[in-house]
Amino acid sequence: MTRSFDVLVVGAGPAGIAAAVCAADEGREVAIVDENPHPGGQIWRIGRENTEHGKVVGDAEVWMRRLDRTSVQSFLGWHIFDAPAPKVLRAAWGPEVAELHFKSLIIATGARERLLPFPGWTLPNVLGAGGLQALVKAGLPIRGKRVVVAGTGPLLIAVAVYLRQKGADVVALCEQASTSNLLKFGIGLLGQPTKLADAVRFGWQSRGIPLRTSCWPTAALGRDKLERVALNDNGRAVEIEADYLACGFHLVPNCQLVSLVGCVLDGSYVRVDEFQQTTVADVFSAGETTGVGGVEAALVEGQIAGLTAAGARQKAASLLKERNATRRFTRLLDRTYALNPDLRRLPASDTIVCRCEDVSMKAVQGNASWREAKLQSRVGMGACQGRICGAACEFLFGWGMESVRPPIQPVPVGSLIGTRAENF
Ligand SMILES: Cc1cc2nc3c(=O)[nH]c(=O)nc-3n(C[C@H](O)[C@H](O)[C@H](O)COP(=O)(O)OP(=O)(O)OC[C@H]3O[C@@H](n4cnc5c(N)ncnc54)[C@H](O)[C@@H]3O)c2cc1C
């Protein structure tokens, strides 16, 4: 199947939905692609509950309804895995493949959790923080279970509050950031009333959950599944009994597609100008790919990208002030939740770093680069293509991800037939 659009949007989270709606409202022929069967991204996905997040419910309803009213063509359940030529992306849905041609492309592929390896992190019942939240939303019974929530970032509080609302006994909320960093975060919010209100609300909702700062898990202990969590609590070794460990170290942007189409990155984020234009002509990016700043940032960036891609630059310009305010919040998050370098000592030499290929720390360390480590050990060569261990190695060893090659997501072999020969 080959289809052509004025504007193609990848990612149907808040940024992608806002971009698609705005471009369609300007009269452009627009398509939106998401690997999930429902729009909404990480936060608004239909089939999950959106009712516990107050204002988000309102935004989700407004934007989903606006999307329904447009003529945007949805490719839901399709994932983009290749960019075979300029202005063409290749998408797969099972063995089906579509070539999607575009005049402008908006990449809004969001972010994922950063997981760091430590002894026992592959034990059953040790999950990502957002991962456990998603499982509970999908029906996993959590009532009465003892849960340690650990790692770093604002997602931890949201997850702890959610799990407690669902009946879990959240026995500890372990934040690797220091108390002084969190206080500075609070002060930084003073000029940002909406965010300050969110923080106060979360603070109130999380009252009674034991918060430990400068604290992180050093081991997950148990025979067949998690029984205890060992913690470094301000330098003291502590053990807590638990049924689940929900552990995530903030978010990592999904920049595989922006890299594949040749956009320049600044660190782990894609470089964009104030109109969300990347370094590649007619390619825009919005949302967590440009900085982890939450749903408000994703929405305003999506609108700017959609309007600009549709040629309505004046309208986009009217949103720049709002966008700049969300940028301040992104920078504040990055400063507050920067990882403590001591976390680099978490993995023991026999700790698995790459779960797909069962590669241990001792097989990875000592290599000079990500590329060399891949060649020597197969780290990052499994089904997830380094999405988990690549981000961990980036932090542990300071390695950059030198190149991205298709397929950027696993696809059946049949879907690869016809893909550029030079990639293999
Ligand atoms: C696990 C997790 C849980 C979170 N929970 C909360 C929460 O409880 N509360 C909160 O306030 N914020 C939460 N966030 C943050 C929130 O998701 C973001 O602030 C917001 O959703 C960002 O919107 P976005 O549009 O940039 O990205 P996203 O909402 O992440 O949307 C990106 C979309 O792109 C799609 N995609 C990516 N790559 C491809 C591809 N190759 N082909 C097709 N589709 C693709 C993804 O399936 C996804 O739907 C969470 C984030 C994560 C990662």
Side-chain angles (χ1 to χ4, degrees), residues 1-36 39 41 66-67 70-93 96-110 253-265 270-273 275-290 298 301-313 315-316 404-409 411 415 418-420 423:
M1 174 171 60
T2 301
R3 304 287 300 278
S4 297
F5 301 95
D6 294 327
V7 179
L8 178 63
V9 181
V10 183
I17 292 174
V21 166
C22 288
D25 283 352
E26 293 301 315
R28 297 294 178 272
E29 206 177 322
V30 181
I32 191 164
V33 188
D34 200 296
E35 60 189 317
N36 280 298
R66 283 187 70 179
L67 182 65
T70 64
S71 57
V72 172
Q73 297 218 17
S74 295
F75 289 80
L76 298 173
W78 289 78
H79 63 263
I80 300 293
F81 68 95
D82 192 11
K87 306 234 168 186
V88 187
L89 293 184
R90 203 169 264 156
W93 182 72
E96 303 269 323
V97 175
E99 281 209 346
L100 304 174
H101 295 240
F102 56 84
K103 290 179 186 154
S104 297
L105 172 65
I106 300 174
I107 300 177
T109 44
N254 291 323
C255 282
Q256 296 88 350
L257 182 56
V258 283
S259 297
L260 188 65
V261 299
C263 304
V264 170
L265 303 189
V270 59
R271 183 184 299 171
V272 287
D273 70 9
F275 288 94
Q276 306 303 132
Q277 165 77 57
T278 68
T279 50
V280 175
D282 303 319
V283 177
F284 301 79
S285 191
E288 312 268 70
T289 43
T290 71
E301 289 191 6
Q303 292 172 76
I304 292 171
L307 289 167
T308 311
R313 206 172 161 91
K315 283 189 191 168
V404 174
R405 290 194 304 175
I408 56 169
Q409 301 218 359
V411 280
S415 309
T419 303
R420 290 170 299 177
N423 293 323

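None of these values were measured; they are calculated from a predicted model.
- Qualifying side-chain contact (heavy atoms from CB on, under 4.5 Å) partners for Ser71, counting only residues two or more places apart in sequence or in other chains: none.
- Between atom NE2 of residue His79 and atom CZ of residue Arg90 there is a gap of 12.5 Å, rounded to the nearest 0.5 Å.
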Got a list of side-chain donor-acceptor pairs under 3.5 Å for residues 17-27, not counting sequence neighbours?
residue, atom, partner, partner atom, Å
Asp25, OD2, Arg66, NH2, 3.1
Glu26, OE2, Lys315, NZ, 2.7

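- Among residues two or more places apart in sequence or in another chain, the salt bridge (charged side-chain N to carboxylate O under 4.0 Å, His left out) test is passed with Arg271 by Asp266.
- Considering every non-hydrogen atom in both Val411 and Ala92, the closest pair reads CG1-CB, 3.8 Å.
- Rounded to the nearest 0.5 Å, atoms OG (Ser104) and CG (Asp282) are 4.5 Å apart.
- Thr308 contributes a side-chain N or O that, together with a main-chain N or O of Ile304, makes up a donor-acceptor pair within less than 3.5 Å.
- Using a 4.5 Å heavy-atom threshold, the side chains of Val283 and Ile107 count as touching.
- Listed by chain and residue number, Trp78, Ile80, Leu100 satisfy the side-chain contact (heavy atoms from CB on, under 4.5 Å) test with Ala91 (two or more places apart in sequence, or in another chain).
- Considering all non-hydrogen atoms of both residues, Pro39 and Leu67 come closest at CB-CD2, 4.4 Å.
- Applying the side-chain hydrogen bond (donor to acceptor under 3.5 Å, both in side chains) test to Thr109 and every residue at least two apart in sequence or in another chain returns nothing.
- Between the CD1 atom in Ile408 and the SG atom in Cys255 there is a gap of 11.0 Å [rounded to 0.5 Å].
- In this structure, Ile106 and Ala309 approach most closely via the heavy-atom pair CD1-CB, 3.9 Å.
- By the side-chain contact (heavy atoms from CB on, under 4.5 Å) test, Ala31 is found to be paired with Phe5, Leu8, Gln73, Phe75, residues two or more places apart in sequence or in another chain being considered.
- By the salt bridge (charged side-chain N to carboxylate O under 4.0 Å, His left out) test, Glu301 pairs with Arg327, sequence neighbours left out.
- Under the rule for a side-chain contact (heavy atoms from CB on, under 4.5 Å), the partners of Val88 that lie at least two apart in sequence or sit in another chain are Pro84, Ala85, Glu99, His101.
- Rounding to the nearest 0.5 Å gives a distance of 10.5 Å between CG of Leu307 and CZ of Arg28.
- Nearest approach of Gly262 to Thr279, heavy atoms of both residues: O-OG1, 4.3 Å.
- Note on residues 4-24: pairs passing side chain to side chain donor-acceptor pair (under 3.5 Å), not counting sequence neighbours, are Asp6-Lys103.
- Counting only residues at least two apart or in different chains, side chain to side chain donor-acceptor pair (under 3.5 Å) contacts with residues 254-264 comprise Arg112-Asn254.
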field: Trace of the side-chain contact (heavy atoms from CB on, under 4.5 Å) decision for Leu89 with Leu257
entry: CA-CA 10 Å; Leu89 293 184; Leu257 182 56; 4.2 Å; yes

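- Judged by distance alone, the side chain of Thr289 and the main-chain N or O of Ala108 form no donor-acceptor pair under 3.5 Å.
- Considering only heavy atoms from C-beta on, Leu105 comes within 4.5 Å of Val10 through its side chain.
- The CZ atom of Phe284 lies 4.5 Å from the CD atom of Gln277; values are rounded to the nearest 0.5 Å.
- The two residues Thr278 and Val272 make their nearest non-hydrogen contact at CG2-CG1, 4.0 Å.
- Remark: the backbone N or O of Leu76 is not paired with any side-chain donor or acceptor of Ser74 at under 3.5 angstrom.
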